Structure formats: structure tokens, C-alpha cells
Amino acid sequence: MNYTLDFTPVIDGLPSLLLGCLGTFLLAICGMLLAIIIGIGGVALRDAAFKPARWLVIAFVELIRNTPFLVQIFFIYFALPLTGIRLDPTPTAIIALGINGGAYAIEIIRGGVQSIPKGQMEAGLALGLHKAQVFRLIILKPALRAIYPSLTSQFVLLTLTTSIASAISAYELTSVSQRIESESFRSFEVYFTVTLFYFVISWVMMRLFAQFSARYFKYPVK
């Protein structure tokens with residue numbers, strides 16, 4: 001088999017690929033923020049005294065964690081319009097990523113919350129703090145510190161999951177690479193380059209998470 005490597009289409013499409021990387025970053029960051037909101041809110045409801053709220057959160061987590069992300073994003077993009085809710089590809093991808101990541105974040109954060117000794121919670125209540133203040137000031141930050149490595153690993157995986165958003169033509173790296181490949185038929189060159197880009201994106205995300213941890217979750221040293 002004679003195959004001559006030709007990276008010319010990749011070089012010509014480099015500006016579009018870089019914009020696709022930016023699109024991937026934006027999808028990932030927005031999806032992570034939504035996942036964190038869902039995760040923290042879900043943990044608060046999961047341990048609430050109101051039983052229907054607990055059951056709703058449990059059902060949500062089980063539904064999302066036991067169905068493929070591709071099916072979830074297709075449901076939002078193709079099925080919801082039947083109810084009158086129509087979303088563009090990018091908002092659809094962000095919502096799907098947030099919902100998917102949020103389901104996993106709920107269980108990860110909940111594990112961290114349960115690792116906090118009950119004595120700290122009781123001490124906070126004894127000081128006259130409300131339950132919401134105890135959760136926010138005493139429980140949440142130590143819990144986040146404990147589960148930060150697991151949570152950030154999940155978010156790196158979520159960043160790579162953005163590639164599935166190409167199935168609904170959301171603007172990100174994989175969708176751009178598919179267009180370049182369909183025009184040039186240089187599959188090896190295009191997807192080899194995209195593989196390197198995803199590796200760099202993952203590495204950058206891990207470095208950003210490490211810097212954030214060093215700044216906000218480092219224990220004080222005398």
C-alpha cells in the first residue's frame with residue numbers, strides 16, 4: 001500500500017482547528033460550571049428531609065449514569081422540540097454536558113460530604129449557625145478538598161466528551177476536523193493532528209486544575 005503523507009490540508013485548516021479547540025474549551029468550561037451547580041444542589045437535596053426531593057435526585061443520578069451521553073444529547077436536541085423547546089447545537093451541548101457531569105458530581109461531592117466528621121457539623125450548629133451556613137462554611141470546602149482529584153478527573157473526561165457534540169454539529173474540534181477530512185480525504189493526517197490537540201487540551205486542563213488546587217485548597221503551613 002502506497003500512501004504519501006500530506007499535511008497540507010491540516011496546515012491550511014489550522015486556523016479553523018484552533019477555533020475548534022477554543023470551542024471545545026468553552027463547551028467544557030460551561031458544562032463544568034453547570035455540573036458543579038447541579039452537583040452541589042443535588043447533594044443538598046439528596047440529604048434533605050423532604051423525601052420526594054431525595055427520590056428525585058436518586059432517580060436523576062441513576063437515569064443519567066446508566067444511559068449513553070449520545071442518547072442524552074440526541075434527546076435534548078431532537079426530542080425536546082416536539083414539546084416546543086428548541087435549542088441551538090451549542091446550548092444543547094452545554095446543557096447535556098452539565099447534566100451528565102452533574103450526575104457524576106453529585107455522587108463524588110456526596111462522598112466528600114460524608115467523609116466530614118459529624119462532630120464538625122454538630123459544632124457548627126452549637127455555634128448557632130443555620131444548616132445552610134454549616135453546609136457552606138464548614139462542610140463544603142473540606143469536602144471539595146477531599147474529592148478534588150476525583151472531581152477534576154471527571155471534568156477532564158467531560159472535556160473529552162465534548163467531541164460527541166459533533167453529532168449535532170456543535171462547533172468544536174471534532175466537528176471542524178470532520179469537515180476538513182471530508183473535503184481533503186486525508187483521514188490519517190487530520191485525526192492524528194486532532195489526537196495531539198486533545199492531548200494538549202487535557203494537559204492544559206490538568207495544569208489549570210492543579211494551579212486552582214494550589215491556590216484555593218492548599219492547607220496552611222506554619
Side-chain angles (χ1 to χ4, degrees), residues 10 13-43 60-61 64-77 87-112 144-181 190-217:
V10 174
L14 192 58
S16 296
L17 289 171
L18 293 176
L19 287 176
C21 290
L22 179 60
T24 293
F25 265 117
L26 292 176
L27 287 180
I29 291 172
C30 292
M32 289 175 205
L33 292 175
L34 182 56
I36 291 173
I37 294 172
I38 293 174
I40 294 175
V43 169
F60 167 77
V61 170
I64 298 302
R65 292 178 66 182
N66 291 287
T67 54
F69 178 73
L70 183 61
V71 173
Q72 296 165 16
I73 199 170
F74 276 173
F75 180 84
I76 296 173
Y77 190 68
L87 298 172
D88 291 333
T90 297
T92 299
I94 292 172
I95 292 171
L97 288 165
I99 290 174
N100 186 272
Y104 288 91
I106 287 173
E107 290 302 295
I108 294 173
I109 296 173
R110 182 167 171 263
L144 289 176
R145 181 187 286 122
I147 52 90
Y148 188 78
S150 299
L151 193 62
T152 53
S153 295
Q154 184 62 41
F155 285 160
V156 171
L157 179 61
L158 192 70
T159 301
L160 300 177
T161 305
T162 59
S163 61
I164 299 178
S166 62
I168 59 170
S169 300
Y171 191 83
E172 47 77 52
L173 181 56
T174 298
S175 64
V176 173
S177 66
Q178 287 175 338
R179 178 179 57 79
I180 295 175
E181 189 274 336
V190 171
Y191 290 118
F192 176 80
T193 304
V194 170
T195 299
L196 295 179
F197 278 158
Y198 274 115
F199 176 81
V200 172
I201 289 172
S202 298
W203 183 84
V204 170
M205 296 296 290
M206 288 188 289
R207 295 306 305 165
L208 290 175
F209 286 138
Q211 292 295 323
F212 186 88
S213 176
R215 183 176 180 85
Y216 294 104
F217 290 134

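Note that this is a predicted model, so its numbers are computed, not measured. Below, all heavy atoms of this structure are taken into account, side chains as well, without hydrogens, waters or symmetry copies.
The side chain to side chain contact (heavy atoms under 4.5 Å, CB included) with M32 is formed by just one residue from the set V156, L27, L151, L158; it is L158.
Within the structure, salt bridge (Lys or Arg N to Asp or Glu O under 4.0 Å) pairs that include any residue of residues 19-29 do not occur (at least two apart or interchain). Counting only residues at least two apart or on different chains, the ring pair (Phe, Tyr, Trp, His ring centres under 6.0 Å) pairs with a member in residues 147-167 are Y148-F217.
Residues I76 and L87 meet the side-chain proximity criterion, which asks for heavy atoms closer than 4.5 Å. In this structure, the side chains of I40 and I36 come closer than 4.5 Å at one or more pairs of heavy atoms. Taking the side chain as every heavy atom from C-beta outward, I106 and F60 approach each other to under 4.5 Å.
Nearest heavy-atom pair across S202 and L160 is OG-CD2, 3.2 Å.
Distance CG/L33 to CD1/I38: 11.0 Å, rounded to 0.5 Å. From L70, atom CG reaches atom OG1 of T161 across 11.5 Å, with rounding to the nearest 0.5 Å. A distance of 7.5 Å separates CZ in F25 from OG1 in T159, rounded to the nearest 0.5 Å. In this structure, the separation between CD on E107 and CD1 on I64 is 13.0 Å, given to the nearest 0.5 Å. Annotation: the span from S150 atom OG to I109 atom CD1 amounts to 11.0 Å, rounded to 0.5 Å. Atom-to-atom distance recorded for T24:OG1 and L19:CG is 11.0 Å, nearest 0.5 angstrom.
Partners of F74 according to the ring pair (Phe, Tyr, Trp, His ring centres under 6.0 Å) rule, which considers only residues two or more places apart in sequence or in another chain, are F78. Under the ring pair (Phe, Tyr, Trp, His ring centres under 6.0 Å) criterion, F192 pairs with F188, sequence neighbours left out.
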Given I180 and V176, is the side chain to side chain contact (heavy atoms under 4.5 Å, CB included) satisfied, shown in steps?
CA-CA 6 Å; I180 295 175; V176 173; 4.1 Å; yes
Check: residues 92-100 side-chain donor-acceptor pairs under 3.5 Å, at least two apart:
{"residue": "T92", "atom": "OG1", "partner": "D88", "partner atom": "O", "Å": "2.8"}
{"residue": "N100", "atom": "ND2", "partner": "Q72", "partner atom": "OE1", "Å": "3.1"}

Cut-off 3.5 Å, no hydrogens considered: what does the side-chain donor-acceptor table look like for residues 165-174, sequence neighbours left out?
{"residue": "S166", "atom": "OG", "partner": "S163", "partner atom": "O", "Å": "2.7"}
{"residue": "E172", "atom": "OE1", "partner": "T174", "partner atom": "N", "Å": "3.0"}
{"residue": "E172", "atom": "OE1", "partner": "Y198", "partner atom": "OH", "Å": "3.3"}
{"residue": "E172", "atom": "OE2", "partner": "T174", "partner atom": "N", "Å": "3.4"}
{"residue": "E172", "atom": "OE2", "partner": "S175", "partner atom": "N", "Å": "2.8"}
{"residue": "T174", "atom": "OG1", "partner": "Y198", "partner atom": "OH", "Å": "2.5"}

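Judged by distance alone, the side chain of S213 and the main-chain N or O of F209 form no donor-acceptor pair under 3.5 Å.
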